Each structure stands twice: as structure tokens, then as C-alpha cells.
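Computed over heavy atoms, backbone and side chain alike; hydrogens, waters and symmetry mates excluded. As the structure is a prediction and not an experimental result, all values here were calculated from the model.
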Amino acid sequence: MPEHRWYGWGHADKTYSLDHRPGAWTFLRSALDLSGAESFPACDFNSIRLRAPRLTDEQMRAVREMTSPGAVKVDALTRVMHAYGKSYRDLIRLRLGDIPNPPDAVVYPATEDQVARVMSFCVANDFALIPFGGGSSVVGGVESRSERVTISLDLARLNRVVAVDEISQTATIEAGILGPDLERELNTRGLTLGHFPQSFEFSTVGGWIATRGA
């Protein structure tokens, strides 16, 4: 899967030049009263200083034992990618490197049982648990500002179409599947979900339901 930009929307290997639209900047400068010198580049990622993960070695071992190999990540890039959504305010803070409350760990469960076990673990230890789908969150991401240890529960591995009833046109779908992947699976059966929000490419079924999207 292509890597997403940590400071903005879309895949890191894609750029969108305005060279074929020579009037774009002229229009924007006039409409927004810009001088043309405005710029807000992202900071050097290596300059970002994150709070160290606050889980003890014993707690980290416990989480790893209840999930799959490689399902628990604490590297800087993963924690930054799960710290905010993609709203304007979130992106400004990311570009500034202003990330005071990153998750302490990101967990990628692969089964419903693993989700339940991680949830029970967080309740028992009074940890904050934040679900994460596609990370689009254009109306503002979810950030824990408590003093509690925070775990981000990324549902990317729960991405299957479990069953489709073509007669009643209903389906059982795991919450972490992205819009394009779901649509491709349904299309092979001559069906469509018929739901195409602006965040379609980078949002999940679980996110649509949780936010009551469209």
C-alpha cells in the first residue's frame, strides 16, 4: 500500500502540478488578496520531538501477546500519522511539528477477538483508546489530551467483505475496509455501495458509520 503523506492529504508519491492551469494562482491571489509569497512548507520530520511512549515494558509485552506479530508500533512516523486527522487545523499543526499528545502506541488488530482483548486491557489499565479508520477526518481529528496512556486502535487489518446476500442486497463488512476496496469487491458481484463521499479514497466503512457520513 502506498505511503500516505504525514503532513497532508493523499499518497506521498503523488503530486498535483498547476502548470497546466496558468490562471489558477492569478485567480487565488485576486480572490484571497494574496501577495504571491505565501508559503507554509512542512517542517523537517526529523526535527519533530515526540513524547516517549509511556507504556511499561510489561504493558508493551502484554499488548503484543494479545495481537499478531508486528501489530504494535511505536515508531515516530506511525505515531505522528495517528495523532491528528486531515482538517485544516490538524494539517497546520502537523506542518509546524506541533504534536504534544501523540498516541503512545498504535495497535493493528486482525480479529474481533483481538479488538475485544485490547479494549479490555485498556479498561483494566485506565488507558485512553482512540479508534482509527482511514484518518481522513476533515472536520477535525480526535486527540487525547488527558494524562492517561493513549493507544490508537487502527482497524486497517479488519478489511474484509465477510458475506454478501445478493438477493436481499445486504452485506457483512469489516469496519476497516477502505471505500475503493469495498467498491471493487462489490463490483465483482455486479453490485455497488452507492456511497461516494469526498473522502472516499481514504475513509472506511467504520468511519462512515461512526460519523454518520452523508
Measuring from atom [atom1] of [X] to atom [atom2] of [Y], what distance do you get when rounded to the nearest 0.5 angstrom?
| X | Y | atom1 | atom2 | answer |
| --- | --- | --- | --- | --- |
| Y7 | L94 | OH | CG | 11.5 Å |
| K73 | S152 | NZ | OG | 12.0 Å |
| R189 | N187 | CZ | CG | 11.5 Å |

Closer than 3.5 angstrom, by distance alone: can the side chain of [X] be matched with the main-chain N or O of [Y] as a donor-acceptor pair?
| X | Y | value |
| --- | --- | --- |
| D104 | R54 | yes |
| R95 | F40 | yes |
| Q114 | A110 | yes |
| N125 | F127 | no |
| R51 | P102 | yes |
| E183 | L193 | yes |
| R29 | S35 | no |
| T188 | E185 | yes |
| R49 | N46 | yes |
| T78 | V74 | no |

| query | Does the side chain to side chain contact (heavy atoms under 4.5 Å, CB included) test come out yes or no for D13 and E3, once each step is laid out? | reply | CA-CA 8 Å; D13 61 350; E3 181 179 306; over 6 Å; no

| field | Heavy-atom closest contact (F121 atom, A62 atom, distance) | value | CE1-CB, 3.8 Å

| request: Can you see which heavy atom on M119 is nearest to which on L129, and at what distance? | output: CG-CD2, 3.5 Å

Test of understanding: clusters of I, L, V, M, F, W, Y form through side-chain heavy atoms closer than 4.5 Å, transitively. Do [X] and [Y] belong to the same one?
| X | Y | value |
| --- | --- | --- |
| V106 | I130 | no |
| I151 | V72 | yes |
| M66 | L153 | yes |
| L158 | V63 | yes |
| V115 | V107 | yes |

| request: State, with a plain yes or no, whether a side-chain heavy atom of V164 is found less than 4.5 Å away from one of L191. | output: yes

| Just wondering, do I173 and L182 contact through their side chains at under 4.5 Å, heavy atoms? | yes

| query | Parallel, tilted or perpendicular: which fits the ring planes of F132 and H82, with parallel below 30° and perpendicular above 60°? | reply | tilted

| request: May I ask you to decide if the ring planes of W6 and F45 are parallel, tilted or perpendicular, using 30° and 60° as cut-offs? | output: perpendicular

| request: Go through the steps for K86 and L91 under the test side chain to side chain contact (heavy atoms under 4.5 Å, CB included), then give the verdict. | output: CA-CA 6 Å; K86 294 294 190 292; L91 295 182; 3.7 Å; yes

| Step-by-step side chain to side chain contact (heavy atoms under 4.5 Å, CB included) determination, R5 to H11 | CA-CA 6 Å; R5 282 190 177 86; H11 295 131; 5.8 Å; no

Answer yes or no: does atom [atom1] of [X] have more than 12 heavy-atom neighbours from other residues, nucleotides or ligands under 6.0 Å?
| X | atom1 | result |
| --- | --- | --- |
| M60 | CE | yes |
| E166 | CD | yes |
| W9 | CH2 | yes |

| request: Given side chain to side chain contact (heavy atoms under 4.5 Å, CB included), test T150 with N101 step by step and report yes or no. | output: CA-CA 9 Å; T150 301; N101 299 298; over 6 Å; no

| message | Looking at R93 and D90, is there a salt bridge between them, counting it only when a charged N and a carboxylate O are closer than 4.0 Å? | response | no

